[in-house]
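Basis for what follows: all heavy atoms, side chains included, without hydrogens, waters or symmetry-related copies.
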Amino acid sequence: MTRVTSQPAPPAADNTPPRCLTIDVEEYFHIEAAHGRIPRSAWNDWPSRVQGNIDLLLQLLNRHNCRATFFILGDVARRTPLLAPRIAAAGHEIASHGTNHDRLHRLDPASFAEDLRTSKHLLEDQTGQSVIGYRAPTFSVTPDTAWALDVLIEQGFAYDSSIFPVYHPAYGVPSAPAAPYRVRGSEGGGTLLEVPPLTWRVGRKKLAVAGGGYFRLLPLWFMKRGLAQARRQHRPAVLYFHPWEFDPETPRMPLSRTGHIRTYTGLRSAAGKLESILRSPGGWTTMRDAIDDFRTMAEHRDPFDLYRAT
């Protein structure tokens with residue numbers, strides 16, 4: 001039987017593709033820009049800000065009757081054991097962001113498996129909710145770390161959201177699809193459901209408009225153009241944010257000049273911009289609740305071999 005690979009997957013019954021808001025729950029000092037500048041041994045020297053930032057986000061989501069997926073770092077769950085249960089009690093999905101915010105390039109299959117087990121078991125024990133989704137720190141699932149997909153399958157994850165289909169010096173796979181698909185990490189290996197962040201295609205290029213620094217540094221209309229295009233093309237829209245991005249009082253760290261600009265620009269305006277997105281028609285749901293739609297869409301294209309991608 002021949003698969004259809006050139007046509008978009010059929011829309012949902014109500015003609016509206018899923019839209020998912022996701023939060024990568026980490027402290028400001030966990031960010032990649034601080035790696036090598038704030039060693040892990042010094043994390044306790046910096047004040048925690050994550051609980052207050054999550055309070056703000058939960059209030060925003062509740063005000064607009066939105067549910068989200070929270071990819072929670074294991075280190076945050078250890079430090080603040082009541083945080084994940086509070087998020088789950090508010091009706092949101094709990095997923096894994098790993099344990100110590102290590103880019104996968106700094107791990108191997110064995111250490112990555114331990115990283116996954118630690119975070120998954122910790123979050124499940126705290127919330128009583130099964131953890132089926134994963135997002136790698138800094139979107140670090142790339143052709144160089146394609147082996148991570150086999151580990152995710154072995155550890156029982158149902159979906160991944162770590163492959164950004166754009167070019168970026170530190171991550172990204174430009175040849176990857178922009179809509180949900182099955183991805184394979186090794187020859188003869190199994191496949192895993194991959195749900196990529198939102199992109200906006202302009203000509204031959206896919207632009208990153210899903211959140212993070214792009215959300216704070218660029219005008220809001222970039223994200224809104226991406227959302228409108230995804231809706232027209234019956235593609236899901238997956239956005240991502242970090243709690244510290246909504247905290248103008250985030251402590252200043254000894255970052256590089258570029259890291260300082262990327263980290264601290266737009267903190268004061270971020271909450272208002274997010275509120276504008278939440279007010280847009282269409283509603284927002286969790287990745288878990290949209291997974292059946294994602295799987296249906298993925299069945300309409302051939303699996304993507306990440307280990308062969310360029």
Side-chain angles (χ1 to χ4, degrees), residues 3-24 61 64 66-69 135 139 141 159-168 171-183 193-242 245 266 269-270 272-287 289-302 304 309:
R3 288 182 180 272
V4 178
T5 59
S6 59
Q7 297 297 320
D14 63 356
N15 207 40
T16 302
R19 304 197 315 166
C20 298
L21 198 77
T22 68
I23 311 294
D24 294 352
L61 294 169
H64 295 280
C66 296
R67 294 201 301 152
T69 294
R135 174 171 292 148
F139 298 104
V141 175
Y159 73 86
D160 176 64
S161 184
S162 306
I163 303 175
F164 217 142
V166 297
Y167 171 77
H168 187 281
Y171 58 80
V173 185
S175 60
Y181 58 97
R182 306 294 301 188
V183 62
L193 177 65
E194 182 68 30
V195 188
L198 175 70
T199 54
W200 173 31
R201 178 174 285 278
V202 179
R204 294 184 177 181
K205 292 187 176 181
K206 288 177 286 190
L207 304 182
V209 295
Y214 307 101
F215 170 70
R216 290 178 289 104
L217 293 165
L218 299 175
L220 188 56
W221 61 263
F222 275 80
M223 179 176 281
K224 290 188 173 182
R225 291 283 181 86
L227 287 169
Q229 184 183 76
R231 188 182 182 92
R232 290 195 304 272
Q233 296 177 352
H234 303 296
R235 279 192 288 119
V238 176
L239 304 184
Y240 72 96
F241 306 95
H242 306 87
E245 293 185 284
S269 60
K273 292 168 78 172
L274 177 58
E275 188 130 35
S276 177
I277 292 297
L278 294 179
R279 283 198 299 264
S280 61
W284 298 90
T285 189
T286 68
M287 302 280 273
D289 284 348
I291 197 168
D292 287 341
D293 287 331
F294 295 153
R295 285 171 172 156
T296 298
M297 294 175 186
E299 287 302 313
H300 288 260
R301 62 174 68 244
D302 291 328
F304 179 75

Quiz prompt | Check: Cys20 and Phe294 side chains under 4.5 Å, non-hydrogen atoms | solution =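 Phe294 reaches Cys20 side chain to side chain.
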
Exercise. Could you check if a side-chain atom of Asp293 sits within less than 4.5 angstrom of a side-chain atom of Pro236, using non-hydrogen atoms only?
Key: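 Asp293 vs Pro236: side chains apart.
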
Roughly how far, to the nearest 0.5 Å, is the [atom2] atom of [Y] from the [atom1] atom of [X]?
X	Y	atom1	atom2	result
Met223	Leu207	CE	CG	13.0 Å
Glu275	Ser280	CD	OG	11.5 Å
Leu193	Met297	CG	CE	10.5 Å
Ile23	Glu245	CD1	CD	9.0 Å

Quiz item: Between Tyr171 and Phe139, what is the ring plane arrangement, given parallel below 30°, perpendicular above 60°, and tilted in between?
Solution: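 Rings of Tyr171 and Phe139: tilted, 30 to 60°.
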
Any donor and acceptor pair, going by atom type alone, linking the side chain of [X] with main-chain N or O of [Y] inside 3.5 Å?
X	Y	answer
Arg182	Glu299	no
Arg231	His234	no
Lys206	Ala176	yes
Thr22	Thr69	no
Glu194	Ile163	yes

Exercise. List the steps, then state whether side chain to side chain contact (heavy atoms under 4.5 Å, CB included) holds for Met287 with Val195.
Key: CA-CA 9 Å; Met287 302 280 273; Val195 188; 3.8 Å; yes

How close do [X] and [Y] get, heavy atom to heavy atom, and via which atoms?
X	Y	answer
Arg135	Ser162	CA-OG, 3.3 Å
Ala237	Trp284	O-CZ3, 4.2 Å
Pro165	Ala178	CG-CA, 4.2 Å
Gly226	Trp200	CA-CB, 3.8 Å

Exercise. Could you walk me through whether Arg235 and Gln229 pass side chain to side chain contact (heavy atoms under 4.5 Å, CB included), step by step?
Key: CA-CA 8 Å; Arg235 279 192 288 119; Gln229 184 183 76; 3.2 Å; yes

Practice problem: Among Lys224, Arg19, His64, find the one that has a side-chain contact (heavy atoms from CB on, under 4.5 Å) with Ile277. | Solution: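 Only one of Lys224, Arg19, His64 forms a side-chain contact (heavy atoms from CB on, under 4.5 Å) with Ile277, namely Lys224.
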
Quiz item: Is the distance between the ring centroids of Phe215 and Phe241 less than 6.0 Å?
Solution: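 Under 6.0 Å, so yes.
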
Quiz item: For Leu21 and Leu61, what are the C-alpha separation, side-chain angles and deciding distance, and is it a side chain to side chain contact (heavy atoms under 4.5 Å, CB included)?
Solution: CA-CA 10 Å; Leu21 198 77; Leu61 294 169; 3.3 Å; yes

Self-check item: Chi angles and distances behind the side chain to side chain contact (heavy atoms under 4.5 Å, CB included) call for Leu227, Leu239
Solution: CA-CA 9 Å; Leu227 287 169; Leu239 304 184; 4.3 Å; yes

